[in-house]
Trainee: 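To start, I am sharing the structure in question, which I have written as structure tokens.
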Number of protein chains: 2
Amino acid sequence: MNATEDALTILRTRSLSGVLEREIEKAILGGEIPPGKRVNENLLATRFGTSRGPVREALRALEGLGLVELIPNRGVFIRQPAVEEAIEIYDVRTVLFGLAGKLLAERVGDAQVARLKEYLEQMEEAARSRDFDRYYPLNLAFHEFIIDACGNATLAAQYRGLVKKLHLFRARSLVQGGGLEVSNSEHREMVEAVAARDPERAQRAHSDHVARAKARLLAAYQKAEAQAPRLTN
Amino acid sequence: MNATEDALTILRTRSLSGVLEREIEKAILGGEIPPGKRVNENLLATRFGTSRGPVREALRALEGLGLVELIPNRGVFIRQPAVEEAIEIYDVRTVLFGLAGKLLAERVGDAQVARLKEYLEQMEEAARSRDFDRYYPLNLAFHEFIIDACGNATLAAQYRGLVKKLHLFRARSLVQGGGLEVSNSEHREMVEAVAARDPERAQRAHSDHVARAKARLLAAYQKAEAQAPRLTN
DNA sequence: AGATTGAAAACTGTCAACAGTTTGCAGAAT
DNA sequence: ATTCTGCAAACTGTTGACAGTTTTCAATCT
């Protein structure tokens with residue numbers, strides 16, 4: 001039953017170019033194809049065992065997501081956001097995440113609050129033991145949970161698109177700058193505001209969290225720039 | 001010179017599928033292809049004198065914009081947002097436009113303030129004389145100006161995408177509900193806050209403006225629903 | 001040696017055709 | 001009369017090939 005069900009769902013939701021889109025996106029975000037580089041349609045086609053048609057369709061979809069850029073007669077290139085664009089993205093993320101916090105506080109259920117507190121405790125424990133490898137995926141899941149639970153699919157889609165673009169930022173290693181404890185005290189305030197069902201406070205807590213992350217990124221970036229100016233070219 | 005320049009720029013920025021994308025988008029937003037209807041690839045291809053390849057690429061791009069939906073083996077369908085999605089979009093627009101107002105207040109120049117006041121006066125005049133046909137494009141240009149002048153291209157792209165989606169909302173005639181004078185007093189507060197270079201006040205004024213537009217839409221929608229429930233199915 | 005030119009190779013843009021699926025319809029069975 | 005069945009038409013998904021452009025590289029010239 002499992003096998004047939006799988007086959008059915010696969011066939012129903014297939015669309016070669018759809019699969020290709022996800023697969024190519026994975027290759028791009030995984031850094032397999034370095035930013036700035038041209039994407040070779042033939043290479044991708046042979047790699048996935050298809051013709052160039054579906055590959056081109058997938059690339060056009062990725063262009064809409066802002067992950068690649070299409071230059072006529074030269075091909076598609078992996079986009080490479082400059083600092084300015086990263087800042088733009090952070091500003092937009094700030095208000096989007098704030099809205100997510102507000103909406104969540106308006107509709108959150110007890111079970112969801114429990115989940116949030118669970119995440120919080122696990123992250124605090126990971127932070128105490130300086131276990132970054134454990135902290136990072138928890139942090140990701142925590143934010144994903146909020147974005148999903150706020151109940152606005154439009155917001156979720158836009159937010160996820162921004163995060164993907166941010167992954168192409170060349171100095172994205174700096175995005176993590178800021179330390180675990182600092183970030184976690186902000187998480188606590190977010191959860192408390194949501195648990196109190198206080199939309200306004202939750203909105204402020206959530207947007208402040210991203211705004212501070214932007215400030216941390218900027219500080220780390222300027223520091224790195226001073227040490228190795230070549231990074232910024 | 002004009003002709004050669006035109007030809008050059010056309011050739012440089014060409015890409016048949018890019019042109020097709022804009023053209024098909026125009027056909028969709030213009031209501032030529034009604035929401036919910038399937039788009040016939042062959043028809044579009046013959047209409048524009050191309051083969052189906054570029055048409056398919058353009059449709060995949062439009063799918064990314066959220067204007068059409070792709071169902072495997074059945075084709076692409078014009079999306080038809082429900083009220084719930086329209087509400088979602090308004091909520092996101094609210095915070096995006098608020099951010100635009102804040103950013104604008106932080107960076108606005110005297111010339112831009114003058115332009116804003118110009119728009120305001122023209123709109124007020126049109127409102128006084130109940131000239132809706134003159135008011136509507138002015139209102140559109142006013143909002144476009146703010147979105148462009150705020151200096152955040154990421155925000156502008158997202159905002160424009162949302163507005164396009166809203167055009168597919170079946171009861172979009174209701175979007176205009178609310179009256180010219182009400183809306184214009186809100187415009188005045190927005191411009192004054194920006195002119196005062198008060199980011200916080202500008203953010204509130206701008207987001208309140210969209211939030212009130214959402215409320216007006218909802219009121220008009222529920223009223224229409226009570227009169228003709230079939231609209232809501 | 002370095003710059004320049006020209007041809008070949010590689011790659012993108014587009015097309016027409018074929019395979020497989022869905023849809024519409026006519027005829028048969030109930 | 002209505003439902004079911006099976007066939008035909010229409011349409012989507014995908015492919016391979018061809019045309020035109022860009023890139024690479026070697027031979028030539030300064």
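Naming convention: chains lettered A, B, ... in sequence-line order (proteins, then strands); numbering from 1 in each chain.
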Trainee: Salt bridge or not for A/E69 and A/K37, using N-O below 4.0 Å?
Mentor: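 No salt bridge links A/E69 with A/K37.
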Trainee: What integer distance in Å separates B/K37:NZ from C/dT23:P?
Mentor: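 Interatomic distance, NZ of B/K37 to P of C/dT23: 13 Å.
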Trainee: Has the side chain of A/R52 got a donor or acceptor atom sitting under 3.5 Å from an opposite partner on the base of C/dG13?
Mentor: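 Such a pair exists between side chain and base.
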Trainee: Using a cut-off of less than 4.0 Å, is there contact between a side-chain N or O of A/N40 and OP1 or OP2 of C/dC11?
Mentor: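 Yes.
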Trainee: Under 4.0 Å, counting only non-hydrogen atoms across every strand here, what does B/G53 touch: a base, just sugar-phosphate, or nothing?
Mentor: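 Contact class for B/G53: none.
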Trainee: Take atom CD1 of A/I71 and atom P of D/dT21, then tell me their distance rounded to the nearest Å.
Mentor: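 So the two atoms are 18 Å apart, to the nearest Å.
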Trainee: Please report, rounded to the nearest Å, how far the P atom of C/dT14 is from the CG atom of A/L59.
Mentor: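 Going from CG in A/L59 over to P in C/dT14 covers 15 Å.
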Trainee: Please enumerate all residues that pass ring pair (Phe, Tyr, Trp, His ring centres under 6.0 Å) together with A/F97, with sequence neighbours excluded.
Mentor: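 Expected list: A/H143, A/Y159, A/H206.
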Trainee: Would you mind reading off the distance between A/L44 atom CG and C/dC11 atom C1', rounded to a whole angstrom?
Mentor: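 Nearest whole value for this atom pair: 13 Å.
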Trainee: Is the shortest side-chain N to carboxylate O distance from A/R60 to A/E63 below 4.0 Å?
Mentor: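 Between A/E63 and A/R60 there is a salt bridge, with a charged N closer than 4.0 Å to a carboxylate O.
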Trainee: Report the distance from atom CZ of A/F48 to atom P of D/dT14, rounded to the nearest whole Å.
Mentor: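 Atom-to-atom, A/F48 to D/dT14, this comes out as 14 Å.
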Trainee: Contact class for A/V76 vs. all strands (heavy atom < 4.0 Å): base, sugar-phosphate, or nothing?
Mentor: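 Result for A/V76 = nothing.
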Trainee: Does D/dT12 have its OP1 or OP2 closer than 4.0 Å to a side-chain nitrogen or oxygen of B/R74?
Mentor: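 Answer no for this pair, as no side-chain N or O of B/R74 is under 4.0 Å from OP1 or OP2.
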Trainee: Would you classify B/R56 as touching base, sugar-phosphate or nothing, given that sugar-phosphate means primed atoms plus P, OP1 and OP2, and contacts are heavy atoms under 4.0 Å?
Mentor: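 The residue B/R56 makes base contact.
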Trainee: At under 4.0 Å between heavy atoms, what does B/V55 touch on the DNA or RNA strands: base, sugar-phosphate, or nothing?
Mentor: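 Touches nothing.
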Trainee: Does B/R38 or B/T50 map to a spot on DNA chain C nearer the 5' end, using the closest nucleotide for each?
Mentor: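 The residue mapped nearer the 5' terminus is B/T50.
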Trainee: Using whole Å, what does the distance between atom P of nucleotide C/dA9 and atom CG of A/N42 come to?
Mentor: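 Atom-to-atom, A/N42 to C/dA9, this comes out as 16 Å.
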Trainee: Applying ring pair (Phe, Tyr, Trp, His ring centres under 6.0 Å), can you list everything that pairs with A/F48, at least two apart in sequence or on another chain?
Mentor: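 Residues passing ring pair (Phe, Tyr, Trp, His ring centres under 6.0 Å) with A/F48: none at all.
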Trainee: Rounding to a whole Å, what distance do you find between A/F77:CZ and D/dT22:C1'?
Mentor: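 That distance rounds to 10 Å.
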Trainee: Under the side-chain contact (heavy atoms from CB on, under 4.5 Å) test against A/I87, which residue among A/V92, A/L217, A/L218 passes?
Mentor: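 Among the candidates, only A/L218 passes.
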Trainee: If I take atom CZ in residue B/R60 and atom P in nucleotide D/dT14, what distance separates them, rounded to the nearest angstrom?
Mentor: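 Rounded to the whole Å, the gap is 10 Å.
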Trainee: Would you mind telling me which of D/dT14, D/dT22, C/dC15 lies closest to the side-chain atoms of A/P54?
Mentor: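 Among D/dT14, D/dT22, C/dC15, the one nearest the side chain of A/P54 is D/dT14.
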Trainee: Nearest to the side chain of B/L16, which nucleotide is it out of C/dT14, D/dT15, C/dT22?
Mentor: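 The closest nucleotide is C/dT14.
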